[in-house]
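Below you'll find the structure, written out as structure tokens, and then a few comments.
Letters go in sequence order (proteins before strands), and every chain restarts at 1.
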Amino acid sequence: MSKDIFVFIEFKDGSIRKTSFELLSKGKELAEKLSSGLYAVMLGFDTKGLTEEIKPFADKIISVDEEALKEYRWDTYTDTMEYLIKKYSPYLVLGASTITGKDLFPRLAARLDAPIVSDAVGIEVSDGEIKIKKPIYGGKIISWVTTQNAPISIITFRPNSFSIEKRQINGEIIEERIEINMDSRVNAVKIDKGGSKKVDLQEADFIVCGGRGMKGPENFKVLEEIAEILGGRVGASRAVVDSKWRDYEDQIGKSGKTVSPKLYIGCGVSGALHHTMGMDTSKVIVAVNKDPNALIFQYADYGIVDDLFNILPALKEGLKSLKQEA
Amino acid sequence: MNILVFIKQVADTEARILIKGDNRSLEIENKYNLNFFDEFAVEEAIRLKGKVKDSKISVCTYGGKKAVEALRTAIAMGVDQAYLIDNTDLDTDDPLITAKILAGFAKKEGFDLILCGRQAIDDENGNIGAMVAELLKIPHVTAITKLEVADDKKIIVESDIEGGKETKEVQLPALLTTQKGINEPRVPLITGVMKAMKANIPVVDPASLGLSRELLSRDASKIKILSYETPKGRPAVKMIEGETPEEKVKKLIKLLREEAKVL
Ligand SMILES: Cc1cc2nc3c(=O)[nH]c(=O)nc-3n(C[C@H](O)[C@H](O)[C@H](O)COP(=O)(O)OP(=O)(O)OC[C@H]3O[C@@H](n4cnc5c(N)ncnc54)[C@H](O)[C@@H]3O)c2cc1C
Ligand SMILES: Cc1cc2nc3c(=O)[nH]c(=O)nc-3n(C[C@H](O)[C@H](O)[C@H](O)COP(=O)(O)OP(=O)(O)OC[C@H]3O[C@@H](n4cnc5c(N)ncnc54)[C@H](O)[C@@H]3O)c2cc1C
């Protein structure tokens with residue numbers, strides 16, 4: 001039985017998403033252990049250039065380049081993935097737990113009657129058995145799960161779960177032509193891609209998060225500037241979103257997004273459990289708070305007790321000169 | 001319109017959760033709530049009923065006897081009827097089995113529209129909605145932030161897409177999962193709570209839903225839990241001292257570069 005691995009590739013604003021390179025990197029490592037092949041699966045329209053970007057990372061690249069796949073839709077994407085999976089019989093299908101991934105993979109799992117593990121953060125192979133690492137209850141518990149009685153398993157991973165390894169595989173491109181039918185019961189009437197914020201919050205390596213201690217929406221400017229210097233994104237606590245200082249899409253926490261950047265800097269965030277559940281898998285956590293007893297210091301690696309209005313301008317200047325030196 | 005809402009009772013965020021000696025099961029403190037995202041689904045159903053004549057709302061959960069509390073919360077908010085699909089001795093780690101049971105119930109009950117939460121905040125899978133829709137062969141839209149009724153066969157929904165929003169026309173029957181922002185869930189009135197206390201909540205046997213015996217057996221699960229562990233804690237925080245903000249920031253940047261190696 002084949003132990004091949006599929007990685008579902010996502011792209012945005014004309015480039016491959018970072019999370020897809022992470023999955024390809026991990027996928028190759030797993031494929032080597034399983035002595036199998038790594039397939040990058042690319043669905044879209046007019047994706048020639050993007051396919052080239054993937055070549056160094058996969059043994060084979062399956063490209064389905066059709067106008068019907070221009071925008072993500074559950075119907076066309078589920079049908080196409082089902083077709084490819086039945087044709088190539090992979091053992092694992094890996095995807096990201098992005099908005100697209102969360103929409104597509106459960107439906108695909110039900111279509112194939114296949115097990116799915118969603119929002120995982122790690123995977124290991126030993127003696128041919130896979131072990132998937134998945135936080136539950138807001139990260140209070142880590143579960144290790146496997147799949148059984150199934151020829152194929154689907155797993156989605158949180159962005160930033162794996163590091164990207166540079167490779168030079170120069171994989172072969174397989175172009176698949178498939179007749180694709182749109183489900184007439186669903187019609188997109190308006191697509192608003194939003195003001196394209198450069199980095200996706202869940203994919204960002206650096207997040208500067210503002211809490212109620214920021215005092216007002218106008219003060220987020222300095223956070224924006226710091227995020228810009230770092231090439232990261234601004235996040236927010238729920239108190240900030242509820243006060244309408246920032247949009248809900250910036251919210252980190254239990255009822256917002258779960259993030260695990262390389263560096264999270266919390267400014268004027270108290271560290272309520274509902275918030276920390278969304279960020280405590282970050283690699284390094286820095287907290288700036290004027291209250292030495294703030295809960296967030298229990299989750300942080302580094303803490304500064306001070307008024308953030310003194311610290312943030314200094315931090316901005318410090319990072320700026322660091323960047324100029326580099 | 002016949003509206004069906006799926007709800008789940010979940011452990012409160014603050015509930016203490018302990019791993020039992022076998023490392024394969026959990027002990028959860030007795031503090032449970034209606035899942036955060038399901039409140040939006042219940043609320044939206046009630047608003048819809050206010051707009052569309054002759055509507056009826058049923059809620060159901062696949063859970064243990066305790067989950068009746070979550071059903072009563074939904075009745076107190078204003079739904080018409082609640083059902084408990086009893087999972088005593090059946091609870092599964094495989095979301096597809098849960099989805100098959102809920103789909104079986106929907107088929108039996110009949111529906112024009114199914115609403116459920118974007119995800120349960122305990123397992124954070126966000127699987128059930130799209131799975132049930134697939135099993136019922138109906139369209140689904142995840143994470144909706146707006147819902148309007150065009151006519152009795154069509155709705156217009158706005159939902160989250162990568163980096164933005166999309167508006168779609170969807171033919172009924174359909175399944176929608178609710179995202180924060182769609183509404184402000186009401187707090188039940190005392191009269192609602194009284195009504196909920198007295199409401200008769202039928203208990204449904206999963207075996208009555210036309211599903212095969214094998215599906216309901218414990219071996220049906222394609223997901224197997226190997227072990228649970230507590231996450232590795234972080235080392236104690238390093239507090240950065242200094243006379244001036246500039247000095248503190250300088251020390252921080254040095255640590256982030258040389259010790260944490262993230263800059
Ligand atoms: C069901 C539910 C779901 C929730 N989901 C989320 C979620 O997803 N995300 C989330 O964030 N919250 C969530 N919450 C809310 C959460 O419990 C907290 O209320 C919230 O995170 C608090 O936000 P905050 O830290 O910004 O504000 P506060 O708790 O008010 O903290 C402000 C902090 O700023 C500090 N401060 C003030 N001024 C300064 C200054 N000048 N310099 C330095 N520090 C200063 C203060 O010392 C304080 O620690 C949820 C709550 C519930 C009940
Ligand atoms: C490692 C692991 C351990 C698990 N342990 C347990 C366990 O001990 N006990 C247990 O019950 N489950 C457990 N599960 C989960 C369980 O098998 C299903 O995944 C779960 O019932 C489906 O819910 P979800 O959390 O995946 O829901 P999601 O797919 O995140 O839920 C989306 C929406 O679907 C609806 N919904 C979800 N579940 C139900 C339901 N049961 N009834 C009605 N509506 C629902 C709600 O509207 C919810 O907002 C475990 C899963 C994993 C991966």
> Non-hydrogen atoms of chain A under 4.5 Å away: do they reach the side chain of Ile253(B), the backbone, both or neither?
Replying inline: side chain

> Does any non-hydrogen side-chain atom of Leu230(A) lie less than 4.5 Å from one of Leu263(B)?
Replying inline: yes

> Side chain of Lys222(B), backbone of Ser153(A): donor and acceptor closer than 3.5 Å?
Replying inline: no

> Would Ile223(B) and Val117(A) satisfy side-chain contact (heavy atoms from CB on, under 4.5 Å), going step by step from the backbone distance to the final call?
Replying inline: CA-CA 8 Å; Ile223(B) 305 278; Val117(A) 179; 3.8 Å; yes

> Going by heavy atoms in the side chains, are Met239(B) and Val305(A) under 4.5 Å from each other?
Replying inline: yes

>> Heavy-atom pairs under 4.5 Å with chain B: which of Gly256(A), Ser255(A), Ala150(A) has the most?
In response: Ser255(A)

>> Non-hydrogen contacts under 4.5 angstrom with chain B: give the residues of residues 290-298 of chain A involved, or none if there are none.
In response: Phe297(A)

> How would you list all residue pairs meeting salt bridge (Lys or Arg N to Asp or Glu O under 4.0 Å) that involve residues 131-159 of chain A, not counting sequence neighbours?
Replying inline: Asp119(A)-Arg158(A)

>> At a 4.5 Å cut-off on heavy atoms, which part of Ala133(B) comes close to chain A: side chain, backbone, both, or neither?
In response: both

> For Phe105(A), is it the side chain, the backbone, both, or neither that has a heavy atom closer than 4.5 Å to a heavy atom of chain B?
Replying inline: neither

> When heavy-atom pairs shorter than 4.5 Å are enumerated against chain B, which of Arg185(A), Arg111(A), Lys190(A) gives the highest number?
Replying inline: Arg185(A)

> Mind checking whether Leu26(B) and Ile141(A) have side chains closer than 4.5 Å, heavy atoms only?
Replying inline: yes

> Is a donor on one side and an acceptor on the other found under 3.5 Å between the side chain of Trp74(A) and the backbone of His140(B)?
Replying inline: yes

>> With heavy-atom distances below 4.5 Å as the criterion, would you say the side chains of Thr98(A) and Glu162(B) are in contact?
In response: yes

Please list every donor-acceptor pair under 3.5 Å in which a side-chain atom of residues 307-317 of chain A meets a protein atom from a residue at least two apart or in another chain.
{"unit_1": "Asp307(A)", "atom_1": "OD1", "unit_2": "Phe309(A)", "atom_2": "N", "d": "2.8"}
{"unit_1": "Lys316(A)", "atom_1": "NZ", "unit_2": "Glu225(A)", "atom_2": "OE1", "d": "3.1"}

> Do the non-hydrogen side-chain atoms of Lys261(B) and Lys262(A) ever get within less than 4.5 Å of each other?
Replying inline: no

> Is Lys168(B) close to Asn187(A) at the side-chain level, that is, under 4.5 Å between some pair of heavy atoms?
Replying inline: no

>> Quick check on the interface: out of Val286(A), Ile132(A), Asp113(A), Val241(A), who has the most heavy-atom pairs with chain B under 4.5 Å?
In response: Asp113(A)

> Among Glu10(A), Gln251(A), Gln148(A), His274(A), which has the most heavy-atom pairs under 4.5 Å with chain B?
Replying inline: Gln148(A)

> Given Tyr302(A), which of Lys251(B), Glu259(B), Lys238(B) fulfils the side-chain hydrogen bond (donor to acceptor under 3.5 Å, both in side chains) condition?
Replying inline: Glu259(B)

> Can you name the residues that form a side chain to side chain contact (heavy atoms under 4.5 Å, CB included) with Leu215(B), not counting sequence neighbours?
Replying inline: Ile97(B), Lys100(B), Leu211(B), Ser212(B)

> Do Thr13(B) and Tyr137(A) have side-chain heavy atoms sitting under 4.5 Å apart?
Replying inline: no

> Do Ile304(A) and Lys248(B) come within less than 4.5 Å of each other through their side chains, counting heavy atoms only?
Replying inline: yes

>> Using a 4.5 angstrom heavy-atom cutoff, name the option from Ile142(A), Thr147(A), Ile136(A), Leu201(A) with the most pairs to chain B.
In response: Ile142(A)

